[in-house]
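Taking it in order: structure first as structure tokens, then the write-up.
We count ligands from 1, going down the list as the structure has it; atoms in each ligand are counted the same way. Because only heavy atoms are used, hydrogens play no part in the values below, and waters and symmetry mates are left out as well, while side chains stay in.
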Amino acid sequence: MPDAVIETAKRFLKFFVKPCRILVAVSGGSDSKGLLLALHSVIESEGQSGFSLAACTVDHALRPDSAKEAEDVAAFCAQLGIAHSIRRWHGDKPLTGIQAAAREKRYELLAEAAAELGADCIATGHTRDDQRETIAMRGTRDTGEGQGAAGMADMVLFERRIWVLRPFLHLSRAEIRSFLQARGVGWLDDPSNANPQFERVRVRARLAVSDQAPVLPGSGLQRAASSARAAALIGRHIQVHRALVAEVAATQAGKMDDRDWRRALLSVAAVLGGREHLPARATIERLSAFLKTGEPGRMTAARVVFDRRRSGLYLYREPRDLPVLAIARGGHALWDGRFNVTSEGPALTVTPEMRGALCEQRLIDAGVPKGVAKRASQVAPRVRPAESLGPHSIGPDSIPAKVECRIALYDTFLPGFDRIMADAVAALFGRDRYPAPPVHDVLTEMEG
Ligand SMILES: Nc1ncnc2c1ncn2[C@@H]1O[C@H](COP(=O)(O)OP(=O)(O)OP(=O)(O)O)[C@@H](O)[C@H]1O
């Protein structure tokens, strides 16, 4: 019987647009060790010239043994002749949400290691078992229009800079373990995998005795097709002015029974509201009921005002709870989840505009109704040198600062199957397209 693990590794390498250097994220567990070993075997034995491997282990420093475990992975990589880096999570750890914080930190450290080791992408050892758990976990949450049944994408762009690929997403953990056993290679069983405090651990135990949440083949494909359609709807029906107001054609606004349109509209709203997720199901239902009436009026959902007028639907950040932010000299920070502000000289203060006559006029000139322009201009960022808070601060164009809209929904993690949609949203907000992955994917064809 051909070895499914080796076959998967071979197929994975064939998908690349051109050979490159891959950083394998190795925790020391069976899945990632299996991935490293399989890729190494294929590259060595098949003479896959051009491909090379590097590896990285993140030491989260959450357990006393973690440093030693990272050293063990280093020794394993040294045996294989693969460059390996250990990245330690220094500093204070949050008391709640530790798994989510560890995850984001892990990707940040892996991306740093990739840059240092000259890798073009990252590969992780996620398996079909992880996929089932993810789908089961999302199913229990009220995430409205989230990724849901599509589960984890087989690739994700991290912080617009590096693609994380998951070549083993369709393999089972059992297959990987037999592959390692046949080669006499051991692995580490992370003790936190037995800690029932964590939702994933509880879900895993439940799935082991039931057969819930089958992974539907092609769900990623369906999601990509739905994303492409949502992108087309965005292009046709939504305009965004100065990253502050979205304008939707009156005839389209109420079509909330169309799933792709709903996602398109809610995604644009999430960006205007500086949110990384779409609203919960109950909020979406409330909003849909309001928009479907077609009656003029206003409703606020997830920090965004949906302002329905005869001329169209207008969306903008609600003018309340806006922060004041100090930025050090030469530093950068995110304001209100919506704008990345970088000082190109002095220390800065960022406040809401509140009386933004200039901004208001520009919105009116773009065709936005007066009342909408007035409210929306209040939520624009006002950037000033920290020491000139008086009324005579210098004009906005002469401030040595860069202000860029953040696409909160996609700028940290962009699932591969949403890339067309993300590009459409980015275009509305004056941002560049997202970098394409290093492998051929279904979207390459869809984009034509
Ligand atoms: N400490 C680590 N160092 C390096 N890579 C790691 C580490 N932990 C996890 N990984 C990588 O991530 C993959 C999945 O691990 P795990 O299932 O523990 O993470 P997860 O939190 O469920 O996944 P995700 O981070 O995508 O949400 C592993 O196979 C490995 O490639």
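- Between the side chains of T57 and R88, no donor-acceptor pair is found at a separation under 3.5 Å.
- Annotation: V58 places an N or O atom under 3.5 Å from an N or O atom of ligand 1; distance criterion only.
- At a heavy-atom distance under 4.0 Å, only side-chain atoms of H60, from C-beta outward, approach ligand 1.
- Across the listed options G29, G34, S27, A70, S27 owns the non-hydrogen atom lying nearest to atom 2 (C) of ligand 1.
- Contacts of D59 with ligand 1, taken as heavy-atom pairs under 4.0 Å, are absent altogether.
- Residue-level proximity to ligand 1 for R166 is carried by the side chain, the only part with a heavy atom below 4.0 angstrom.
- Of the options H126, E133, E69, the smallest heavy-atom separation from atom 15 (O) of ligand 1 is shown by H126.
- Geometrically, R160 engages Y434 in a cation-pi contact defined by less than 6.0 Å to the ring centre and at most 45° from the axis.
- Each of the atoms 3 (N), 4 (C) of ligand 1 lies under 4.0 Å from some heavy atom of T57.
- At a heavy-atom distance under 4.0 Å, no atom of Q99 approaches ligand 1.
- By the side-chain hydrogen bond (donor to acceptor under 3.5 Å, both in side chains) test, S172 is found to be paired with E175, residues two or more places apart in sequence or in another chain being considered.
- Not a single N or O atom of T124, backbone or side chain, sits closer than 3.5 Å to an N or O atom of ligand 1.
- At a 3.5 angstrom cut-off on N or O pairs, D31 does not count as close to ligand 1.
- Defined by atom type and a distance below 3.5 Å, a donor-acceptor pair is missing between the side-chain atoms of R166 and T127.
- Side-chain contact of H241 with E247: a donor-acceptor pair under 3.5 Å is present, judged by distance alone.
- Taking any N or O of C56, backbone or side chain, none lies under 3.5 Å from an N or O belonging to ligand 1.
- A distance of 11.5 Å separates CG in D423 from CZ in R431, rounded to the nearest 0.5 Å.
- Contact of the V271 side chain with the Y410 side chain is not registered, since no non-hydrogen atoms from C-beta on lie closer than 4.5 Å.
- Side-chain contact of R21 with S52: a donor-acceptor pair under 3.5 Å is present, judged by distance alone.
- Dense packing is recorded around CZ of R161, with more than 12 heavy atoms of other residues, nucleotides or ligands lying under 6.0 Å away.
- Among the atoms of G125, some N or O lies under 3.5 angstrom from an N or O of ligand 1.
- Ligand-side atoms of ligand 1 in range of V26: 3 (N), 4 (C), 5 (N), range being under 4.0 angstrom from any heavy atom.
- In terms of polar-atom proximity, R106 is counted as a contact of ligand 1, with an N or O under 3.5 Å from an N or O of the ligand.
- Assignment of F168 to the shell around ligand 1 is not supported, since no heavy atom sits closer than 4.0 Å.
- Annotation for F15: atom CZ does not count as buried by contact number, only 12 or fewer foreign heavy atoms lying within 6.0 Å.
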